[in-house]
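Letters go in sequence order (proteins before strands), and every chain restarts at 1.
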There are 2 protein chains.
Amino acid sequence: MPTSSKADRTAAYWAFEDSLGYLARLVFRSFSMLREAKTREHGVSAGHWPFLRQLWREDGVSQHELSRRLVMQDATTAVALRGLEKEGLIHRRVNRRDRRETLVYLTPHARALAGTLLPVTREVQAAATRGLSPEEVERLRGLLFRIVANLAEEEFSSRC
Amino acid sequence: MPTSSKADRTAAYWAFEDSLGYLARLVFRSFSMLREAKTREHGVSAGHWPFLRQLWREDGVSQHELSRRLVMQDATTAVALRGLEKEGLIHRRVNRRDRRETLVYLTPHARALAGTLLPVTREVQAAATRGLSPEEVERLRGLLFRIVANLAEEEFSSRC
DNA sequence: TGCATCTTCTTAGTATACTAAGATAATGCT
DNA sequence: AGCATTATCTTAGTATACTAAGAAGATGCA
């Protein structure tokens, strides 16, 4: 048996039916691996994707603001953006109104990539939710969000 | 403003309402960060936790079998187990029936930790699902599992 | 204007987990 | 018994993302 069969893997997943944390880990990892497989050929890695995606929505924002929107640390953002800049996907400019800030802009190339890569999200999303009704997907999002909110509050209160 | 307020962070989360992948990332990260905060004082890191947890269910299994059950790569398992061994949480012994295998056993210390640390899972789980009915939690697990299964199939078919 | 303050960004070090490639050692067929 | 095969485990290198600490530079009050 060269690799584990699909039935084997499914059995492994069921072993965690009692843990939402593990299920979330599997969902997250499956999503990003599948997406990376589809975006790699365009020179976009798993780590760059969230930044690109957010910048397609709005660019010309500061690194700190970008970190906030992606719920990332400033250090993580700084390292990732260095990579994106080296790939020619972004360029940075000092904010004239507050020259402490560096504003991040997409290059024309990165902007054009949106047309190619945004459908990828929809593809992955469609594959992931195959067999689920729109109502079920909506319910899932709602439940996930309530969990995120619960845990954020927990973390918040344990800090104070 | 020293750190972003809770309202700020909630706003950031909502920016991803359309992406199950991001919600899963947030859920996974929130879970493991909160759990790590609670287990660190017992010398158990986020990376060691899954192995310990699986071994509490059953130890005396090979490293490869452990990898399979946790959906981890063998290399990842090998590195993590080296750490667990150094911490005195596991020891390894050659399988007599097939001496190519190394079987992994919990130490008495690690076994005793279960009593202290298993309640932590339940605590985190309870915090995460606060305000959700048992039916909603069950429905959430079912939906997440269907997504994992969908993505596993996708990955499987794209490999062949 | 000058200096303290504040924001923003970067560097350094660490943890987790991946892939690829190879070492090791037992198994089992001829 | 010998040797090819196989399973298992390890090493090396890379990617992602964290925390802590600090540099750099702009702001704004005295």
Sequence neighbours left out, what passes side chain to side chain contact (heavy atoms under 4.5 Å, CB included) with [X]? Give chain and number order.
X	result
Arg100(A)	Asp98(A)
Ser62(B)	His64(B), Glu65(B), Glu101(B), Leu103(B)
Glu123(B)	Lys38(B)

Option among Leu23(B), Leu140(B), Val27(B) that satisfies the side-chain contact (heavy atoms from CB on, under 4.5 Å) test with Leu143(A)
Leu140(B)
Please report, rounded to the nearest Å, how far the [atom2] atom of [N] is from the [atom1] atom of [X].
X	N	atom1	atom2	value
Leu66(B)	dT10(D)	CG	P	12 Å
Arg68(A)	dA17(D)	CZ	P	18 Å
Asp74(A)	dT7(C)	CG	C1'	10 Å
Glu85(B)	dT10(D)	CD	C1'	13 Å
Gln63(A)	dT7(C)	CD	P	17 Å
Phe51(B)	dC9(D)	CZ	P	13 Å
Phe28(A)	dC18(C)	CZ	P	12 Å
His64(A)	dT10(C)	NE2	C1'	15 Å

Below 3.5 Å, can you tabulate the donor-acceptor pairs from side chains in residues 108-122 of chain A to any protein atom, sequence neighbours excluded?
residue, atom, partner, partner atom, Å
Arg111(A), NH2, Asp59(A), OD2, 2.9
Thr121(A), OG1, Leu118(A), O, 3.3

Bend of the helix from dT1(C)-dA30(D) to dT30(C)-dA1(D) from end-axis comparison, five pairs per end, nearest 10°, comes to 0°
Please determine whether the number of non-hydrogen atoms from other residues, nucleotides or ligands lying under 6.0 Å from atom CZ of Arg130(A) exceeds 12.
yes
side-chain hydrogen bond (donor to acceptor under 3.5 Å, both in side chains) contacts in which one or both residues fall within residues 81-93 of chain B, not counting sequence neighbours:
Gln63(B)-Arg92(B), Glu85(B)-Arg92(B)
Could you identify which residues of residues 92-104 of chain A place a heavy atom less than 4.0 Å from some atom of DNA chain D, listed by residue number, or say none?
Arg97(A), Asp98(A), Arg99(A), Arg100(A)
Output all residues satisfying side-chain hydrogen bond (donor to acceptor under 3.5 Å, both in side chains) with Thr39(A), sequence neighbours left out; order by chain, then residue number.
none
Quick note, ring-ring contact (aromatic ring centres under 6.0 Å, His included) partners involving residues 123-144 of chain A, not counting sequence neighbours, are none
May I have all residue pairs that pass ring-ring contact (aromatic ring centres under 6.0 Å, His included) and include part of residues 121-141 of chain A, sequence neighbours excluded?
none
Let's see if you can work this out: which of dC9(D), dT19(C), dA17(D) has an atom nearest to the side-chain heavy atoms of Met33(A)?
dT19(C)
Do any side-chain nitrogens or oxygens of Gln73(A) fall under 4.0 Å of OP1 or OP2 in dA20(D)?
no
List, by chain and then residue number, the residues other than Phe28(B) in its hydrophobic cluster (Ile/Leu/Val/Met/Phe/Trp/Tyr, side-chain heavy atoms under 4.5 Å); write none if there are no others.
Phe28(A)
Check nucleotides 11-16 of chain C against the protein and report each pair of N or O atoms closer than 3.5 Å, with its distance, or say if there are none.
residue, atom, partner, partner atom, Å
dT11(C), OP2, Arg82(A), NH2, 2.9
dT16(C), OP1, Ser45(B), OG, 2.7
dT16(C), OP1, Gly47(B), N, 2.8

